[in-house]
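Just so it is clear, the model here is predicted, and its values are computed rather than measured. These numbers come from the heavy atoms of this one structure, side chains and all, not from hydrogens, waters or symmetry mates.
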Amino acid sequence: MNAPHTLHACRRGFTLVEAMVGLAASATLMATIVASSVTLQRSFYWSADYSEQSLAELRSLDFVTRDVRGARSVTILSSGEVLTFELPDAYSSYDTHGNPTSAPVTPAIVRGQPQYGDPANPLVITYYRDGDTLVRQQFVSATVQNSELVIARGIKSFQAQFLGGGNLVRATVTFQPKFREGPESEARTALSAIAAARPMRMKYDDRGGGGGAP
């Protein structure tokens with residue numbers, strides 16, 4: 001009588017070569033995942049930094065256009081780098097930072113136009129670039145208070161000009177994006193805003209230079 005056959009499962013481990021190939025493939029896959037994650041994170045940082053810088057420049061242009069619309073007179077340095085406004089003083093008191101601490105005064109109506117405060121003592125607002133910052137300087141003639149506010153950083157240039165001989169002012173801010181990761185970008189981005197003001201006195205100041213308050 002024949003003895004029953006016993007079936008044994010064929011068991012065999014990985015050879016050294018197979019193990020090394022598998023390890024190399026795993027290492028390559030892991031390195032690809034890590035590199036992709038780093039690239040994605042840097043791309044996110046770059047996008048966030050660029051967006052933050054753009055918003056800062058747009059904010060600075062909002063400041064300029066607001067002042068243009070309320071200005072009684074506008075003066076631009078011949079280089080275009082310094083922009084000065086005279087605005088009616090609509091408040092009676094300010095803090096040390098130039099912020100009004102009173103309610104707006106009641107205007108007097110003269111020939112159908114509102115007049116705030118003393119026309120001989122206006123607010124004098126000056127925009128200029130100091131290094132890589134854009135500064136808004138405010139001088140309150142009535143109280144002899146001077147204050148400065150940095151409204152944007154990373155500025156490469158600031159230019160203002162009149163358009164068409166009318167009451168239009170264009171302000172252009174150029175910045176060079178700076179990123180937390182990687183080299184500084186060589187590309188520059190320019191943002192412009194054009195604002196119309198009520199009838200006002202406009203002139204170019206023939207003084208040269210720029211980069212500081214007049």
Next on the checklist: Between Val82 and Ile76, is the side chain to side chain contact (heavy atoms under 4.5 Å, CB included) condition met? List the steps.
Outcome noted: CA-CA 6 Å; Val82 179; Ile76 298 177; over 6 Å; no

Next on the checklist: Has Arg129 got a side-chain atom pairing as donor or acceptor with Gly131's backbone, closer than 3.5 angstrom?
Outcome noted: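 Judged by distance alone, yes, a pair lies under 3.5 Å.
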
Item to check | Any donor-acceptor pair under 3.5 Å from Gln137 side chain to Glu148 backbone | outcome: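 Not at all, since once roles are kept as given, no pair shorter than 3.5 Å links the two residues.
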
Item to check | side chain to side chain contact (heavy atoms under 4.5 Å, CB included) evaluation trace for Val74 with Phe162 | outcome: CA-CA 9 Å; Val74 177; Phe162 296 121; 3.8 Å; yes

Checklist entry - Can you pull the salt bridge (Lys or Arg N to Asp or Glu O under 4.0 Å) pairs that have at least one residue in residues 133-146, sequence neighbours excluded? => result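 Qualifying pairs, neighbours excluded: Asp67-Arg136.
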
If you look at every heavy atom in [X] and [Y], which pair is closest and at what distance?
X	Y	answer
Ala142	Asn121	N-CB, 3.9 Å
Gln138	Gly98	NE2-O, 2.8 Å
Arg72	Pro122	NH2-CB, 3.4 Å
Thr172	Ala190	CG2-CB, 4.2 Å
Ser79	Gln159	O-OE1, 3.1 Å

Checklist entry - Which residues pass the side chain to side chain donor-acceptor pair (under 3.5 Å) test with Thr133, sequence neighbours left out? => result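 Partners of Thr133 by the side chain to side chain donor-acceptor pair (under 3.5 Å) criterion come out as none, since no residue qualifies.
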
Item to check | side chain to side chain donor-acceptor pair (under 3.5 Å) partners for Ser141, two or more places apart | outcome: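 Residues passing side chain to side chain donor-acceptor pair (under 3.5 Å) with Ser141: none at all.
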
Got a sec, which residues hit side-chain contact (heavy atoms from CB on, under 4.5 Å) with [X], two or more places apart in sequence or on another chain?
X	answer
Thr101	Ser93, Asp95
Ala90	Tyr116
Pro100	Tyr91, Tyr94

Taking C-beta and beyond as the side chain, do [X] and [Y] meet within less than 4.5 Å on heavy atoms?
X	Y	value
Thr174	Ile155	no
Ile151	Val135	no
Glu57	Leu134	no
Leu83	Val64	yes
Phe139	Leu123	no
Thr84	Val124	yes
Ile125	Leu87	yes
Phe175	Leu191	yes

Next on the checklist: Can you tell me how far apart OG (Ser157) and CG (Asp132) are? Round to the nearest 0.5 Å.
Outcome noted: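 Ser157 OG to Asp132 CG: 12.5 Å, rounded to 0.5 Å.
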
Item to check | Approximate separation, where rounding is to 0.5 Å, of Leu61 CG and Arg66 CZ | outcome: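 It is 13.0 Å, given to the nearest 0.5 Å.
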
Next on the checklist: Please verify the inter-ring angle class for Tyr127 with Phe158; under 30° counts as parallel, over 60° as perpendicular, anything in between as tilted.
Outcome noted: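 Aromatic pair Tyr127/Phe158 classed tilted.
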
Next on the checklist: Assess the residue pair Val140 and Asp89 against the criterion (side chain to side chain contact (heavy atoms under 4.5 Å, CB included)); give the C-alpha distance rounded to whole Å, side-chain angles, the decisive distance to 0.1 Å, and a yes or no.
Outcome noted: CA-CA 8 Å; Val140 184; Asp89 188 357; 3.9 Å; yes

